Amino acid sequence: MGKKNAIVLLLAVHFLSVFLALSLTNSTDESALLAFKARITFHPNNILAKNWSEGTCVCNWVGVSCNLRHNRVATLNLPNMGLSGTIPKELGNLSFLISFNISNNLFHGHFPNELGHLRRLKSLDLQFNELSGHIPTSIGFLKKLQYMGLSFNNFTGSIPQEIGNLPNLETVYLLNNSISGSIPSTIFNISSLQRIDFSNNRLFGILPVGMCTHLPVLEIFLVSRNQLSGEIPTSLSKCGELRQLELTRNKFTGSIPKAVGNLTKLEELYLSQNSFNGPIPNEISDLVNLKILSIESIGLTGSIPYAIFNISSLQAIGFTNNSLHGTLPTNMCDNLPKLEGLYLSMNQLAGSIKESVHRPNFKPHRATSKH
Ligand SMILES: *[C@@H]1O[C@H](CO)[C@@H](O)[C@H](O)[C@H]1NC(C)=O
Ligand SMILES: *[C@@H]1O[C@H](CO)[C@@H](O)[C@H](O)[C@H]1NC(C)=O
Ligand SMILES: *[C@@H]1O[C@H](CO)[C@@H](O)[C@H](O)[C@H]1NC(C)=O
Ligand SMILES: *[C@@H]1O[C@H](CO)[C@@H](O)[C@H](O)[C@H]1NC(C)=O
Ligand SMILES: *[C@@H]1O[C@H](CO)[C@@H](O)[C@H](O)[C@H]1NC(C)=O
Ligand SMILES: *[C@@H]1O[C@H](CO)[C@@H](O)[C@H](O)[C@H]1NC(C)=O
Ligand SMILES: *[C@@H]1O[C@H](CO)[C@@H](O)[C@H](O)[C@H]1NC(C)=O
Ligand SMILES: *[C@@H]1O[C@H](CO)[C@@H](O)[C@H](O)[C@H]1NC(C)=O
Ligand SMILES: *[C@@H]1O[C@H](CO)[C@@H](O)[C@H](O)[C@H]1NC(C)=O
Ligand SMILES: *[C@@H]1O[C@H](CO)[C@@H](O)[C@H](O)[C@H]1NC(C)=O
């Protein structure tokens with residue numbers, strides 16, 4: 001075969017493959033993406049205006065990838081691009097979409113109901129934008145969803161009951177919005193859940209008594225800075241995989257349940273700024289992996305169970321502003337080689353703390369609160 005013929009053949013193959021890619025690209029996908037492009041009011045360097053050009057295969061557009069078998073749009077990922085605009089309802093037509101990530105942009109407006117049509121969606125990341133309005137109840141149709149990130153927006157309204165219909169959900173981040181209402185009890189039935197962060201919203205109501213009955217793999221439960229009330233459920237002992245528990249600055253009452261002591265994988269326990277009463281349960285000293293214990297300003301009485309000072313993983317202990325009394329053992333720091341902060345002020349404690357031989361630079365800190 002001559003050189004000329006080879007080039008002609010290569011060109012033919014090239015044009016054929018371009019033709020196939022174009023003709024196989026679903027036109028519904030293309031019009032959905034063009035609707036998205038049309039809603040973007042600002043893109044630095046006009047990146048999408050240049051790159052998302054009609055007549056080229058959408059699968060080559062920046063931020064888009066297609067599934068090989070059907071040549072349908074499978075991922076739409078445009079994080080950290082300085083884009084502003086709104087999310088069009090046409091995106092609900094990307095019926096093969098698995099991942100949608102527009103985190104850390106300047107999108108505003110609502111979360112369209114139509115996104116509930118994305119039956120194959122596994123990962124939804126809208127975090128760090130300026131979205132507002134309600135979370136639509138249609139999220140309950142996203143049966144494959146594993147990751148729901150809506151943090152750092154200004155969503156209002158309540159968490160839809162329908163969230164309980166997501167049997168594969170592992171992560172739900174709603175941190176820093178203006179979400180109110182109570183936490184739907186249906187969420188505590190999603191046994192795949194590993195990470196829940198609802199911190200800094202306007203949630204009220206109680207945590208259900210059986211909260212941990214169906215959450216065998218929950219590792220992170222963060223609800224600080226809300227208006228939650230009632231007692232900490234004793235079923236907590238069944239969330240045996242918990243590593244982080246943060247209930248700071250709510251209106252929780254009652255005593256700290258002994259069940260906390262069953263959470264032996266716990267590394268961070270924040271209970272500060274609530275309205276508990278009673279003593280610190282002795283069982284807290286069973287938390288042999290604890291790094292941070294923050295139980296400040298919650299009205300605790302009684303003496304500190306000294307076995308706490310045998311948890312050698314501890315890095316920070318905050319007991320500030322309670323009504324704790326008793327004389328602390330002088331050698332209390334002997335088994336705390338990693339301790340960096342010890343906050344004891346505003347109590348009725350006595351004793352003189354010996355500087356530990358392990359920590360020649362140890363200086364007790366002034367009371368501050370972490371959260
Ligand atoms: C695109 O996909 C939609 C939904 O799956 C389907 O109804 C439509 O016929 C497809 N269009 C083309 C041109 O293949
Ligand atoms: C769009 O960007 C992608 C990825 O950077 C590139 O491969 C493609 O050639 C670009 N298309 C156009 C039309 O600029
Ligand atoms: C979305 O993109 C950002 C930036 O690349 C990344 O850090 C984040 O993990 C992505 N979200 C998901 C759910 O993968
Ligand atoms: C896509 O979605 C929009 C709005 O949800 C709808 O009006 C339109 O008919 C849908 N179908 C196609 C093929 O674009
Ligand atoms: C969020 O929305 C609420 C209710 O619409 C409004 O009062 C508040 O100012 C908004 N917050 C921000 C940071 O935009
Ligand atoms: C978190 O939410 C508050 C309103 O509750 C807002 O003022 C603040 O800017 C938000 N923080 C970030 C980092 O978005
Ligand atoms: C949780 O699941 C159990 C058994 O599957 C069911 O009986 C109960 O009604 C569910 N609770 C909620 C709040 O959905
Ligand atoms: C919690 O720990 C106590 C002993 O401290 C034990 O009797 C009880 O069975 C444990 N409960 C669970 C659910 O592990
Ligand atoms: C001390 O704790 C109480 C609640 O027990 C709270 O009302 C008060 O504001 C706290 N004081 C300081 C200085 O944090
Ligand atoms: C702390 O541990 C030491 C040695 O392991 C033990 O002798 C002591 O009784 C323990 N202290 C408390 C209060 O449990």
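These numbers come from the heavy atoms of this one structure, side chains and all, not from hydrogens, waters or symmetry mates. Read the numbers this way: they start at 1 and go in the same order the structure lists the ligands and their atoms. Values in this document were obtained by computation on a predicted structure and should not be read as measured data.
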For Ser123, the ligand 3 atoms with a heavy-atom partner under 4.0 Å come out as 13 (C)
Tracing side-chain links under 4.5 Å among I, L, V, M, F, W and Y, which residues wind up in one group with Tyr147?
-> Tyr173
Judged by modelled atom types alone, do Asn262 and Ser237 share a side-chain donor-acceptor pair under 3.5 Å?
-> no
Under 3.5 Å, is there a donor-acceptor pair between the Ser180 and Arg202 side chains?
-> no
Please check if any side-chain donor atom of Asn201 sits under 3.5 Å from a side-chain acceptor atom of Asn226, or the reverse.
-> no
Using a strict 4.0 Å cut-off to heavy atoms of Asp125, name the atoms of ligand 3 that fall inside it.
-> 1 (C), 8 (C), 10 (C), 11 (N), 12 (C), 13 (C)
Once you restrict both partners to nitrogen or oxygen, which atoms of ligand 2 have a protein partner under 3.5 Å, and how far apart are they?
unit_1: ligand 2; atom_1: 2 (O); unit_2: Asn51; atom_2: OD1; d: 3.4
unit_1: ligand 2; atom_1: 2 (O); unit_2: Asn51; atom_2: ND2; d: 2.2
unit_1: ligand 2; atom_1: 11 (N); unit_2: Asn51; atom_2: ND2; d: 3.1
unit_1: ligand 2; atom_1: 14 (O); unit_2: Asn51; atom_2: ND2; d: 3.3

So, for Phe107 and Phe36, is the gap between ring centers shorter than 6.0 Å?
-> yes
Any atoms of ligand 3 less than 4.0 Å from a non-hydrogen atom of Asn101? List them with their elements.
-> 1 (C), 2 (O), 3 (C), 8 (C), 10 (C), 11 (N), 12 (C)
Would you call Met346 a ligand 9 contact, heavy-atom distance under 4.0 Å?
-> yes
For the residue pair His325 and Asn347, establish whether any side-chain heavy-atom pair is separated by less than 4.5 Å.
-> no
Where's the contact between Asn80 and ligand 3, heavy-atom distance under 4.0 Å: side chain, backbone, both or neither?
-> side chain
For ligand 9, find out whether one of its N or O atoms is nearer than 3.5 Å to an N or O atom of Asn274.
-> no
Residue pair Ser192 / Asn168, side-chain donor-acceptor N/O under 3.5 Å = no
For the residue pair Arg119 and Ser95, confirm or rule out a side-chain donor-acceptor distance under 3.5 Å.
-> no
Which of the numbered atoms in ligand 3 are below 4.0 angstrom from a heavy atom of Ser103?
-> 1 (C), 2 (O), 3 (C)
Within the distance-only criterion (no hydrogens, no angle test), does the side chain of Asn77 pair as donor or acceptor with the backbone N or O of Gly63 below 3.5 angstrom?
-> no
